[in-house]
Number of protein chains: 2
Amino acid sequence: MKVYEYLTSYNIKPSVQRIAIMDYLLKHKTHPCIDEIYLALSKDIPTLSKTTVYNTLKLFVEHGAAKMLTIDERNACFDGDLSRHAHFQCKVCGRIYDIPLEEKRDEEAESMIQGGFTVEEAHRYYKGVCPRCAAGNAQKS
Amino acid sequence: MKVYEYLTSYNIKPSVQRIAIMDYLLKHKTHPCIDEIYLALSKDIPTLSKTTVYNTLKLFVEHGAAKMLTIDERNACFDGDLSRHAHFQCKVCGRIYDIPLEEKRDEEAESMIQGGFTVEEAHRYYKGVCPRCAAGNAQKS
DNA sequence: AAATAAAATTGTAACAATTACAGAATTTGA
DNA sequence: TCAAATTCTGTAATTGTTACAATTTTATTT
């Protein structure tokens, strides 16, 4: 299985729950929060505990297999896409969009490293209103 | 008084509490959280309620007189510096540093606007270890 | 200046996201 | 198969934030 090896490549011991959660992350680019993942997977794994979802995502982030987004004030979101990209959250519907970044070096990060900082994460995000909502098709996701 | 007019310029009716909170924000570039502000000002204003600090900062953000940072997962931080700049949070001591941004246009934002997005906020931040902590002088702030 | 209305502040209670923790279940390794 | 280690579960505790009603303060009208 594919996700199985993906997890092991990050030194994460696979389990039914971990595979299901990573699989969900890789297949749903919606930047889901804990609850979304929990509710979706509970259908297949009825015994799933929300604590496990918390623990597992924390594990993923620690092993570098997922990223945590703190764009949304209310709750943390998670991203299985590890490529360099920015995010945009619509203030109306709450959706988080992926925004491609021009491939160019990050001068700020470079000068920080010069200044003695160790840079482990770089986040960039925007907020505003998405085209969908601007068009009046506002709908809570 | 200076802060008084500063508040009115943002259409915020000044009060003892609001002036004290804005004054604290302008004088302390530490990106304080609610609790830091509350604890610091309680000494001068013993009747101050934490709810007031919450309400007031929400008001400031709505009127564009302050910015809320969601870098720290545990609690929101606030910044009275409205100029364009990035932030760096040290994972060891938790300090949030200001990082100057080269003055150049934000191509990503521009292309998003082209794509129909309304961009109201742009955030950029980094995480890692600061020089102080790297040198071993780790100390929780 | 007194009375009234409006706005701001306070404190408690409710709420929601997250974490701690101990017991149950599962996996691993002899 | 049995013991040890790991993972998972569910409840309880914790914490940041918000709702709300009562009180206080400020502004307005008479």
Side-chain angles (χ1 to χ4, degrees), chain A residues 1 3-4 7-8 10-24 31-63 65-66 68-78 89 94 96 140, chain B residues 1 3-4 7-8 10-24 31-63 65-66 68-78 89 94 96 140:
Chain A
M1 194 205 210
V3 183
Y4 187 96
L7 286 176
T8 56
Y10 282 99
N11 285 313
I12 297 166
K13 218 190 281 184
S15 72
V16 174
Q17 292 84 347
R18 289 173 182 177
I19 290 171
I21 293 171
M22 181 52 84
D23 189 60
Y24 187 89
H31 315 90
C33 62
I34 296 285
D35 242 64
E36 179 180 331
I37 299 172
Y38 172 69
L39 289 174
L41 298 183
S42 302
K43 286 159 193 160
D44 302 308
I45 310 172
T47 64
L48 185 67
S49 166
K50 200 180 277 190
T51 300
T52 299
V53 182
Y54 273 103
N55 291 340
T56 302
L57 284 164
K58 192 180 175 192
L59 188 81
F60 288 177
V61 171
E62 283 167 359
H63 283 73
M68 175 159 61
L69 308 182
T70 55
I71 303 180
D72 196 44
E73 295 122 56
R74 20 189 94 264
N75 33 224
C77 301
F78 296 88
Q89 183 174 45
I96 296 174
K140 281 278 170 207
Chain B
M1 196 206 208
V3 183
Y4 187 97
L7 287 177
T8 55
Y10 282 99
N11 285 312
I12 296 166
K13 217 191 280 186
S15 71
V16 175
Q17 292 85 346
R18 289 173 181 177
I19 290 170
I21 293 172
M22 181 51 86
D23 188 61
Y24 188 88
H31 314 90
C33 61
I34 296 285
D35 242 64
E36 180 180 331
I37 300 172
Y38 172 69
L39 289 174
L41 297 183
S42 302
K43 285 157 193 159
D44 302 308
I45 312 171
T47 64
L48 185 66
S49 164
K50 200 181 277 189
T51 300
T52 300
V53 183
Y54 273 102
N55 291 340
T56 303
L57 284 165
K58 193 180 173 191
L59 189 81
F60 287 177
V61 171
E62 284 167 357
H63 283 72
M68 175 159 63
L69 308 181
T70 54
I71 303 181
D72 196 45
E73 295 120 58
R74 21 189 93 262
N75 34 224
C77 301
F78 295 88
Q89 182 173 44
I96 296 175
K140 281 278 171 205

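Every chain is numbered from 1, with letters handed out A, B, ... down the list of sequences.
A:M22 contributes atom CE, which lies 5.5 Å from atom CD1 of A:I12 (distance to the nearest 0.5 angstrom). A:I34 contributes atom CD1, which lies 10.0 Å from atom OG1 of A:T51 (distance to the nearest 0.5 angstrom). Taken to the nearest 0.5 Å, the OG atom of A:S49 stands 8.0 Å off from the CG atom of A:N55.
Note on A:Q17: only backbone sugar-phosphate atoms sit closer than 4.0 angstrom, heavy atoms only; bases stay farther off. Note on B:S15: only backbone sugar-phosphate atoms sit closer than 4.0 angstrom, heavy atoms only; bases stay farther off.
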Each nucleotide of nucleotides 14-30 of chain C classed B (base within 4.0 Å of a protein heavy atom), S (only sugar-phosphate) or -, in 5' to 3' order, makes ---SBBBB---------
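Contact detail for B:C33 and B:N75: the closest heavy-atom pair is CB-ND2, 4.0 Å.
Between B:F60 and B:L7 the shortest side-chain heavy-atom distance falls below 4.5 Å. With a 4.5 Å cut-off on side-chain heavy atoms, A:L57 and A:M68 do not count as touching. Residues B:R18 and B:L59 meet the side-chain proximity criterion, which asks for heavy atoms closer than 4.5 Å.
When DNA chain D is scanned in the 5' to 3' direction for atoms under 4.0 Å from non-hydrogen atoms of chain A, the outermost contacting nucleotides are D:dT6 to D:dT11.
Spacing between atom CZ of B:R18 and atom P of C:dA7 amounts to 11 Å, rounded to whole angstrom units.
With hydrogens and angles disregarded, no donor-acceptor distance shorter than 3.5 Å links the side chain of A:T52 to the backbone of A:L48.
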